[in-house]
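We're numbering straight along the sequence, starting at 1. Worth knowing before you read on, the calculation uses all heavy atoms, side chains too, and leaves out hydrogens, waters and symmetry mates.
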Amino acid sequence: MAIEIERKFLVHGDGWRAAIERSRRMAQGYLHAPGGTASVRVRVDEREGRLNIKAAVVGAARAEYDYPMPRADAQEILDTLCVGRVDKTRHYVHHRGHLWEIDEFSGASAGLVVAEIELQAADEDFARPAWLGQEVTDDVRYYNHALAVLPWRRWPGNRDRFNEAMPASR
């Protein structure tokens, strides 16, 4: 079984931008609403399509299976079968021996920036960059599957932070 060990953090400021090595825009959607034993996601970026299945557990370690698929098929699934969608740009930043994937969300979650680090062990030590904020690994609201259904800008308390009107549902 493939196990992903990943921790997730909010990002403060723009100090990380100077260290970006590469970036890619992506869109992803889910084939069912949160709940159940797994999340099933399709992702499309400018190069490829991917099908991903993750155990629906909260925490740093969970089973994950990830497969390439034809980009056109992935786009069709995203456009016609998904119950929610997340649009983001993923930036890649190395910091003291670890690769950070920094997701800068757009669309209904614009303004949210989350950094993820994949580790070899749940208790592995890593250097914390100055721009690293609060850990949200155990907060299911920050999982992409949850953001696809209830985007960040629609969270209670966030609605008043933005001037643009957001539709009540998608």
Side-chain angles (χ1 to χ4, degrees), residues 1-11 16-17 19-95 98-120 132 135-155 158 166-167 169-170:
M1 174 185 318
I3 299 291
E4 173 189 57
I5 301 172
E6 177 181 82
R7 291 178 60 189
K8 189 180 293 255
F9 300 83
L10 298 179
V11 173
W16 55 276
R17 290 189 187 279
I20 293 173
E21 297 170 11
R22 62 188 166 90
S23 300
R24 66 181 188 162
R25 293 187 52 78
M26 56 182 67
Q28 59 192 50
Y30 295 84
L31 297 179
H32 60 84
T37 60
S39 72
V40 181
R41 172 189 80 203
V42 64
R43 175 183 285 163
V44 176
D45 68 18
E46 57 274 352
R47 299 179 319 217
E48 65 181 354
R50 298 198 71 82
L51 178 67
N52 179 278
I53 303 163
K54 287 187 185 183
V57 297
V58 177
R62 56 189 175 154
E64 178 183 38
Y65 304 91
D66 191 66
Y67 307 99
M69 67 183 305
R71 188 184 184 290
D73 291 353
Q75 186 67 55
E76 185 175 336
I77 292 169
L78 181 64
D79 292 342
T80 61
L81 300 178
C82 291
V83 296
R85 180 179 171 132
V86 171
D87 294 292
K88 61 187 179 181
T89 300
R90 174 162 289 168
H91 306 283
Y92 298 88
V93 172
H94 276 92
H95 180 78
H98 283 94
L99 176 64
W100 289 88
E101 294 177 345
I102 302 173
D103 288 343
E104 185 174 18
F105 292 86
S106 54
S109 288
L112 177 62
V113 182
V114 175
E116 298 175 350
I117 184 172
E118 288 198 22
L119 303 169
Q120 297 300 311
L132 200 63
E135 183 166 6
V136 293
T137 301
D138 294 326
D139 189 338
V140 71
R141 298 176 304 160
Y142 290 96
Y143 285 38
N144 286 288
H145 197 175
L147 290 168
V149 176
L150 182 59
W152 184 70
R153 285 190 170 205
R154 294 189 192 143
W155 292 6
N158 282 354
M166 296 298 296
S169 63
R170 193 167 154 116

Looking only at heavy atoms, the pair that brings Arg24 and Tyr92 closest together is NE-OH, 3.1 Å
On a heavy-atom basis, the closest approach of Phe105 and Asn144 is CE2-OD1, 3.2 Å
If only side-chain N and O atoms count, and only distance matters, is there a donor-acceptor pair under 3.5 Å linking Tyr30 with Arg85? no
Could you check if a side-chain atom of Ser109 sits within less than 4.5 angstrom of a side-chain atom of Val86, using non-hydrogen atoms only? no
With heavy-atom distances below 4.5 Å as the criterion, would you say the side chains of Trp152 and Asn158 are in contact? yes
Output yes when Glu48 and Arg50 qualify as a salt bridge under the 4.0 Å nitrogen-oxygen rule, no when they do not. yes
So does Val93 get a backbone contact from the side chain of Trp16, meaning a donor-acceptor N/O pair under 3.5 Å? no
Within the distance-only criterion (no hydrogens, no angle test), does the side chain of His145 pair as donor or acceptor with the backbone N or O of His32 below 3.5 angstrom? yes
Pair Glu104 + Arg17: basic N to acidic O under 4.0 Å: yes
If you round to the nearest 0.5 Å, how far is CG of Leu10 from CG of Leu132? 9.0 Å
d(Ile20 CD1, His91 NE2) to nearest 0.5 Å is 4.5 Å
Out of curiosity, Ser39 OG to Lys54 NZ, how far, rounded to the nearest 0.5 Å? 6.5 Å
Side-chain touch His98/Leu119, heavy atoms, less than 4.5 angstrom: yes
Any side-chain heavy-atom pair from Ile102 and Val113 closer than 4.5 angstrom? yes
Taking the six-membered ring for Trp, are Tyr67 and Tyr65 parallel (under 30°), tilted (30 to 60°) or perpendicular (over 60°)? parallel
Do Val42 and Gln28 touch side chain to side chain, with heavy atoms closer than 4.5 Å? no
Student check: side-chain heavy atoms of Asn52 and Glu64 closer than 4.5 Å: yes
Could you tell me which non-hydrogen atom of Arg154 sits nearest to which non-hydrogen atom of Leu150, and how far apart they are? CB-CD1, 4.0 Å
Tell me the closest heavy-atom pair linking Val57 and Ala61, and the distance in Å. CG2-O, 4.0 Å
Would you confirm whether Arg153, through its side chain, and Ala110, through its main-chain N or O, come within 3.5 Å as a donor-acceptor pair? yes
Please say whether more than 12 non-hydrogen atoms of neighbouring residues, nucleotides or ligands are located less than 6.0 Å from CD in Glu21. yes
Glu6 side, atom CD; Glu101 side, atom CD - distance, nearest 0.5 Å: 7.0 Å
Check for me whether the distance between the ring centres of His94 and Trp100 falls short of 6.0 Å. no
Assess the residue pair Val114 and Tyr143 against the criterion (side chain to side chain contact (heavy atoms under 4.5 Å, CB included)); give the C-alpha distance rounded to whole Å, side-chain angles, the decisive distance to 0.1 Å, and a yes or no. CA-CA 10 Å; Val114 175; Tyr143 285 38; over 6 Å; no
Once you round to the nearest 0.5 Å, how far does CD of Gln75 lie from CG of Leu78? 5.5 Å
Give me the atom names and distance for the closest heavy-atom approach of Ala74 to Gly49. CB-CA, 3.7 Å
Any side-chain heavy-atom pair of Leu31 and Ile77 under 4.5 Å: yes
Give a yes or no answer on whether the side chain of Thr137 reaches the backbone of Gly59 with a donor-acceptor pair at less than 3.5 Å. no
Less than 4.0 angstrom from a charged side-chain N to a carboxylate O is my criterion; do Arg71 and Asp73 meet it? no
What heavy-atom pair brings Ala146 and Pro34 nearest, and what distance separates the two atoms? CA-CG, 4.4 Å
Any chance you could measure Leu112, atom CG, to Asp103, atom CG, to the nearest 0.5 Å? 9.0 Å
Salt bridge check, Arg7 against Glu116: does any charged N sit closer than 4.0 Å to a carboxylate O? no
Short side-chain to backbone donor-acceptor contact, Ser106 and Asp87, under 3.5 Å: yes
